[in-house]
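The structure appears right after this line, and notes come after that.
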Amino acid sequence: MTHHVRVRFAPSPTGYLHVGGARTALFNWLWARHTGGTFILRIEDTDRKRLVPDSLEDIQESLRWLGIEWDEGPGVGGPYGPYFQSERLELYHRYAQELLARGAAYRCYCSSERLARVREERRRRGEPPGYDRHCRFLADEERARLEAEGAPSVVRLKVPERGTTTVHDLLRGEITFENETLEDVVLLKSDGYPTYHLAVVVDDHLMEISHVMRADEWISSFPLHALIYRALGWELPTFVHLPMILDPTGKGKLSKRKQKRADGHVEENMTMVREFREAGYLPEALFNFIATLGWAYSGDREVFGVDEAIARFELEAIRKAPAVFSYEKLEWMNGVYIRALPAEELARRLVPFMARAGIEVTAEALLPLIPLVQERLKTLADAPAYLDFFFRDAEVPPPELLVHKKMDVESTLRALKAARDALAEVEWTEEAIESRLRQLAGELGLKAGQLFQPIRVATTGKRVAPPLFGTLYHLGRERVLARVDRAIELLETALSQQE
RNA sequence: GCCCCCAUCGUCUAGAGGACUAGGACACCACCCUUUCAAGGUGGAGACAGGGGUUCGAAUCCCCUUGGGGGCACCA
């Protein structure tokens, strides 16, 4: 029973799922799947002030999108529920009471104003900010009086004044803290809700969690949690603190912040799973990339599938050092996954991104165009820019775009007219178009690019577009000729204005 | 300020005392391929933070320094 691996991801619904949270969830999930254990989703909704309405939904959606399914938790239930902390209040009260009874905790009646004052004073004196333990040493009569008055109170942990507390982390070994540096943290708030410290210990114990995998930032409160476990007489699960994911600047946790890009554009970097989804990242790519942050599949492979990751995942292989999140590498990896997709699948996934760009098209209609763009896409959201001219009129190109840098308006005009004639009668297959146009370039004494650029710009409206012959073929003769005609007119106008 | 954690190319990492002339990947540079852009191919540049130990031998073990990160709420 105790050998069965039970792990959990315990987000609080105070915001959308962050990639850091997703990585924590992923590692827990990988460990569960690797060991045939159980992965639990528990919602830590004890901060009523910071609740974000649709974040609960987003967290679940984002996890599912990544393929991280939970065995127990919201929606699926399980024998250790409820899985919302807000529905477990009486449990926390019971154990807070127990801690009180055992003399491991005490009631504190200090107002938040007094607390703020104390903190400020301590800071001024260069002492660590924190609680001065005023209520810990309240005289019995005073305590009784406050109780009789019905003064609001919180329950605080009674941290030993001296000595040390040693905890054990699977990756780091023993970590020892001077108890003097620990604070009498609040366990139960005056609104009757527990703080994280109490709730996490009670739930992890009651839910028989075998391995607590959580972010690094929890190490500093680890001794507090250990103290609670011991005060309650409970055995500690195995703790594994995962390295932080750092901002690309390497300065601080990955978080929303303005970033100035090379082109001078200031934009906010993506941090939420949903943002990556909306930006056209594939779940399998994000999954893969996130898995390489703090863990390595092997020395020479970093593109790997879910099953491979599950087979290979080991706790001991998790790195201790924080990892910088590289948007560039994620983008590259996303391209790798896009290229590996079957064309039908890519077409299907592209549909919503085309729609978002105002192009309503079916996967079937997109399918023939996939070979033209598949290896060019870094994200699904790139597709409309490559394909829009197939579905709407091409942008009217400025004349100078039509003219190759080694040509002038006149020669371009000549080339385009010749191309028009050739395209009007050539057999309409990709191969025939290509060989005819190459032949034409030779006849005109032009390099291929000198002839192809004006045709490309005329038919697509852009200088950078998918391969020309396939593009022309799929555009169809009628549209190709119409667009070439338009370009010819454009150039003629430009020419007459020149004179 | 106090406490804690961490430390291999710019970045993600392999490496768990001799197999290291420190390997792979992203990014970067050059060349090749080429109708643009990609993709692909070949090659290049690029790291064990510093200093002490331990050892026949240290990227790997220990200590110090430095640097980075995290925490110090009736938030999680």
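We name chains A, B, ... by the order of the sequence lines, and we start the count at 1 in each one.
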Whether A:W295 and A:F304 hold their rings parallel, tilted or perpendicular, with breakpoints at 30° and 60°: perpendicular
Can a side chain N or O of A:R463 be found less than 4.0 Å away from OP1 or OP2 on B:rC37? no
By nearest atom, which of the nucleotides B:rC2, B:rU36, B:rC74 is closest to the A:V464 side chain? B:rU36
Does B:rA76 have OP1 or OP2 under 4.0 Å away from a side-chain N or O of A:K189? yes
Answer with base, sugar-phosphate or nothing: what part of the nucleic acid does A:P466 contact at a heavy-atom distance below 4.0 Å? base
How do A:E174 and A:Y386 order along RNA chain B: which one's closest nucleotide is nearer the 5' end? A:E174
Base of B:rC74, side chain of A:S190 - is there a donor-acceptor contact under 3.5 Å? yes
Say we look at B:rA76 and B:rA19: how far apart would their C1' atoms be, to the nearest angstrom? 48 Å
Are A:Y131 and A:V118 close enough that some pair of their side-chain heavy atoms sits under 4.5 Å apart? no
NA contact type, A:P11, heavy-atom cut-off 4.0 Å: base, sugar-phosphate, or nothing? nothing
Within less than 4.0 Å of OP1 or OP2 of B:rA14, is there a side-chain N or O belonging to A:R319? yes
For A:G294, which contact category applies under a 4.0 Å heavy-atom criterion: base, sugar-phosphate, or nothing? sugar-phosphate
Taking protein heavy atoms under 4.0 Å as touching, what does nucleotides 17-25 of chain B look like 5' to 3' if B marks base contact, S marks sugar-phosphate-only contact and - marks none? ------BBB
NA contact type, A:T46, heavy-atom cut-off 4.0 Å: base, sugar-phosphate, or nothing? sugar-phosphate
Nearest-nucleotide 5' precedence on RNA chain B, A:V336 against A:V154: A:V336
Heavy atoms only, 4.0 Å cut-off, all strands: where does A:K49 land among base, sugar-phosphate and nothing? sugar-phosphate
Starting the side chain at C-beta, find the nucleotide from B:rU35, B:rG70, B:rU13 nearest to A:E217. B:rG70
Report the nucleotide, chosen from B:rU35, B:rG69, B:rC74, that has the shortest atom-to-atom distance to any side-chain atom of A:V186. B:rC74
State whether the side chain of A:E430 and the backbone N or O of A:L472 hold a donor-acceptor pair below 3.5 Å, judged by distance alone. no
Which is true for A:R172 with a 4.0 Å heavy-atom rule: it touches a base, it touches only sugar-phosphate, or it touches nothing? sugar-phosphate
Can you say whether a donor on the side chain of A:R50 sits under 3.5 Å from an acceptor on the base of B:rC75, or the other way round? yes
Regarding A:P13, tell me which of base, sugar-phosphate or nothing describes its non-hydrogen contacts under 4.0 Å with the strands shown. nothing
Looking at every strand, decide which applies to A:C108 at a 4.0 Å heavy-atom threshold: base, sugar-phosphate, or nothing. nothing
Under 4.0 Å, counting only non-hydrogen atoms across every strand here, what does A:A465 touch: a base, just sugar-phosphate, or nothing? base
For a quick check of understanding: with a heavy-atom distance under 4.0 Å over all strands, which category does A:F177 fall into, base, sugar-phosphate or nothing? sugar-phosphate
Could you tell me whether the side chain of A:N334 and the main chain of A:G280 form a donor-acceptor pair under 3.5 Å? yes
Test: A:E113 and A:R117 ion pair at under 4.0 Å: no
Can you pull the salt bridge (Lys or Arg N to Asp or Glu O under 4.0 Å) pairs that have at least one residue in residues 442-455 of chain A, sequence neighbours excluded? A:R436-A:E443
Within the structure provided, determine whether A:P466 and A:F389 are in side-chain contact (heavy-atom separation under 4.5 Å). yes
What does A:L293 touch in the nucleic acid at a heavy-atom separation under 4.0 angstrom: a base, only the sugar-phosphate, or nothing? sugar-phosphate
With sugar-phosphate meaning primed atoms plus P, OP1 and OP2, does A:S12 contact a base, only sugar-phosphate, or nothing at under 4.0 Å between heavy atoms? sugar-phosphate
Please determine if a side-chain N or O atom of A:K405 lies less than 4.0 Å away from the OP1 or OP2 oxygen of B:rU36. no
Taking A:R143's backbone N and O only, do any of them form a donor-acceptor pair with A:R107's side chain (distance below 3.5 Å, no angle check)? no
Applying a 4.0 Å non-hydrogen cut-off, can you work out what A:F469 is touching in the nucleic acid: base, sugar-phosphate, or nothing? base
In the strands shown, is B:rC2 matched to any nucleotide by a Watson-Crick or G-U wobble pair with both distances under 3.5 Å, and which? B:rG71
When we call it a touch if two heavy atoms are under 4.0 Å apart, what does A:I219 touch: a base, just sugar-phosphate, or nothing? sugar-phosphate
Check ion pair A:D382-A:R376 (N to O, under 4.0 angstrom): no
